[in-house]
Structures are given as C-alpha cells and as structure tokens.
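Worksheet: one structure, shown below.
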Amino acid sequence: WLEKVYPVAKKSLEVDIRTIYDERTGLAKGESSFIDWRKNSYPLWMESADIYDSKCLGTNIVHYVALTSAAEMGRILGDAASAEIFDAKASALKEAVNRHLWMDDKGYYAQFLAGRNDDILYTKSETLGQSLAILYGVAEGERAGRLSQSMPVVDFGAPVFWPWIPDQPPYHNRAVWPFVQSFWVQASAKTGNEAGVLHGIAAVWRAAMMYATNKENYVANDGNWRGTQVNSSNMLWSLSGNLSITFRLLMGINYNAESITFRPFVPKNLKADRKVENFKYRYATLDISVSGYGDSIKSFKLDGA
C-alpha cells in the first residue's frame, strides 16, 4: 500500500513546496481547511485570490501532518533523502506557525494572516486548527495546555470560529460542527482538560439525542439545527466524530504504525464499566473492557493475565 500511495504523496508535496509557500513567513497559502463558504467565513473585501493568498492555521497544520507522514513513509521505503527534506520542511513550518500565528495575549492561535500589500493577523479562533495543533504536536507542553484552557467556547459547544460574523447566517459562521467538536474533545483529553472533554462530549451527544441523528451542524447560540443554511442527517463525519468519543476516548484505542495501544480518558461523571465486543484489528478480533474513570491505567489484562 505504501508503495502505491507514497509516490503520489511525494509528488504532491514537492509541487506544494515549489508553489504555495509564502517566502516571507514560511507558511503555506490557501483556503482555511473546510471553511469554504466565502462571505459566510471571510471578510467581504476578500476575493478568491485573496483567500488563496491567505495563510490559515488549520490548513498549515494539515500540511505539517502531510509532511511528517510522508517523511515516515519515505523512511520505511528507503527514500531517506526525501524523508530528510520533508522532515526539515515540517520542522520549519511548525516554527513558522508558532512564530506568526500564536497570540500570547490570548493564549491561542489566530485563524489566518491575510492582506494584499501587508498581511494583517485575523485574530479569530478557529477550532479545528487549534485542535489539530494540539493533537499533532505543533502546540506542545505549556502552550498546548494554555491553548486548551483559553480557546473560546459557548454553551452549546466549540464554534467553528469565534467571534462569528454578525450579519451572516449560521453555517460555518455562528455554528458548531460535531466533527470539529469531536477533534476538540480529543485535543482536550491530550492536555488533561477534563472540563473541556466533558463539555465537548455533552455538545455532541446532546445534539445527537435531541434530533435522533448526527446532523452536519447546528446553530451555536441556541443548539438548534433549524436556521442553518445547509444541513444533512446521518452525516458521515459527524457520525465518525461521535464514534471516536467511544472508541478513541472512552475505550482509549490508538492506532500506531505497527501496533494498537490503549489510553482511555474517562471523566469522573462518566465513570462506568464499558465493553466493546468483536472489534476487528488486523488479524485479531478483540473484546475490550474498560472500568472506572481517569486518564491513566491502573492495571491491564490480556486474556485474563
């Protein structure tokens, strides 16, 4: 599989390195991740060329993950020279994100840099980008912990971005998307933020139970899916985010290149005995049980031993 996908990844990244990186900042240019509904998400002065030229937090973290993943692929396949290039570019990109987008007075990253002649820092908080920064180690140590405690949330969850645009209807603007919320739950767990985890789980589960389906998004200030501009039921990434709370968080399942490991995070209010049966992992079928609460494993048994 690596032999099939690595040449595609390698060529894509090589083209990116030549074409989309800003020479002054070292950041990748391009639209803000999934936030693609123009006037609902960007200032009205920004046209398509301006959006292309912007340097966005979430987009840059995705490029960082792509570079580090390609470097790992290259090492496995014996392409050490390319792996070294991708590692160096990833390291430079991580440094650029922390230098140009981190706002120390707020304790979180800015959504993007943009401007025709001179870049201006747009100080909105963008939840997916903040989450990925923690999950993939662009924000580390004390900075990651501070980010987890500082990023703005509202009663019904972590909005796509904050503050929202007052004269635009809810979609990316003034909205909570369960898949983004689920990434924030995982990021909060990584920093040990129990209150953030519980708030995030509640946001996902409340909406799923209230509407008996996993909607694509809902209005941030009232928690209702009605009023959003576009929506779907049984939305794949909302479903996946909801499932990740069970499998990755409460059961603690983590996939690595050559193994499966367990790192449950169970808020005290959700203390319980849980079991997942017939879980397929490569050539194994697993029955997994987790009891208690907390974020460290007291004891671990495999086949009773």
- Starting from V219, walk the hydrophobic network (Ile, Leu, Val, Met, Phe, Trp, Tyr; side-chain heavy atoms closer than 4.5 Å) and list everyone else you reach, by chain and number. none
- Task: List, by chain and number, the other hydrophobic cluster members for Y283, where Ile, Leu, Val, Met, Phe, Trp and Tyr join if side-chain heavy atoms come within less than 4.5 Å, directly or indirectly.
- Result: none
Verify whether one side chain among [X] and [Y] offers a donor that lies under 3.5 Å from an acceptor in the other.
| X | Y | result |
| --- | --- | --- |
| S289 | K275 | no |
| K215 | S233 | yes |
| T261 | N254 | no |
| N278 | T285 | no |
| N173 | W37 | no |
| S48 | R38 | yes |

Looking at [Y], is its backbone amide N or carbonyl O close enough to the side chain of [X] to form a donor-acceptor pair, meaning the two atoms are under 3.5 Å apart?
| X | Y | result |
| --- | --- | --- |
| Q130 | S125 | no |
| S182 | G241 | yes |
| S240 | W237 | no |
| N60 | A28 | yes |
| N40 | H172 | yes |
| D53 | A114 | no |
| R248 | L243 | no |
| E194 | K268 | yes |
| T59 | C56 | no |

- Query: On the ring face of Y21, is K89 found with NZ or CZ under 6.0 Å from the centre and within 45° of the axis?
  - Reply: yes
Is there side-chain contact between [X] and [Y], with heavy atoms separated by less than 4.5 Å?
| X | Y | result |
| --- | --- | --- |
| V154 | R174 | no |
| T123 | Q111 | no |
| P264 | I297 | yes |
| F34 | L128 | yes |
| S238 | W177 | no |
| W102 | V97 | no |
| V5 | V8 | no |
| L93 | L67 | yes |

Working to the nearest 0.5 angstrom, can you tell me the gap between [X] [atom1] and [Y] [atom2]?
| X | Y | atom1 | atom2 | result |
| --- | --- | --- | --- | --- |
| N217 | S232 | CG | OG | 8.5 Å |
| M251 | R274 | CE | CZ | 8.0 Å |
| L101 | Y109 | CG | OH | 8.5 Å |
| N193 | M151 | CG | CE | 10.0 Å |
| D273 | S291 | CG | OG | 3.5 Å |

Under the rule for side chain to side chain donor-acceptor pair (under 3.5 Å), what residues qualify as partners of [X], not counting sequence neighbours?
| X | answer |
| --- | --- |
| R226 | none |
| E14 | none |
| E126 | none |

- Task: Could you check K29 against D22 for salt bridge (charged side-chain N to carboxylate O under 4.0 Å, His left out), going step by step and ending with a plain yes or no?
- Result: CA-CA 7 Å; K29 297 185 287 187; D22 177 60; 5.4 Å; no
hydrophobic_cluster_shared for [Y] and [X], side chain cutoff 4.5 Å:
| X | Y | answer |
| --- | --- | --- |
| M210 | I201 | no |
| V266 | W184 | no |
| L121 | W45 | no |
| Y52 | L113 | yes |
| Y255 | L250 | no |

Minimum heavy-atom distance between [X] and [Y], given as atom pair plus value:
| X | Y | value |
| --- | --- | --- |
| K4 | P7 | O-CD, 3.6 Å |
| V138 | Y64 | CG2-CD2, 3.6 Å |
| N224 | Y211 | CA-OH, 3.0 Å |
| G192 | F265 | CA-CE1, 3.9 Å |
| V204 | Y218 | N-OH, 4.4 Å |
| A144 | I134 | O-CD1, 3.9 Å |

- Chi angles and distances behind the salt bridge (charged side-chain N to carboxylate O under 4.0 Å, His left out) call for D155, R206: CA-CA 12 Å; D155 288 346; R206 174 205 160 272; over 6 Å; no
- Message: Under the side chain to side chain contact (heavy atoms under 4.5 Å, CB included) test against H63, which residue among T68, L27, I17, I20 passes?
- Response: I20
- Item | Residue pair R24, D119: steps toward the salt bridge (charged side-chain N to carboxylate O under 4.0 Å, His left out) verdict | CA-CA 10 Å; R24 185 183 68 82; D119 280 336; 3.2 Å; yes
- For R116 and D50, what are the C-alpha separation, side-chain angles and deciding distance, and is it a salt bridge (charged side-chain N to carboxylate O under 4.0 Å, His left out)? CA-CA 7 Å; R116 292 181 181 170; D50 302 305; 2.8 Å; yes
- R263 with D295: basic N within carboxylate O range, under 4.0 Å: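 No, no charged N to carboxylate O under 4.0 Å.
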- For Y6, does the OH atom have more than 12 heavy-atom neighbours from other residues, nucleotides or ligands under 6.0 Å away? yes
- Item | Atom CZ of F86: over 12 foreign heavy atoms under 6.0 Å |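 Atom CZ in F86 is crowded, with more than 12 foreign heavy atoms closer than 6.0 Å.
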- Any side chain to side chain donor-acceptor pair (under 3.5 Å) pairs touching residues 131-144, not counting sequence neighbours?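 Sorted pair list: K94-E140, N98-R143.
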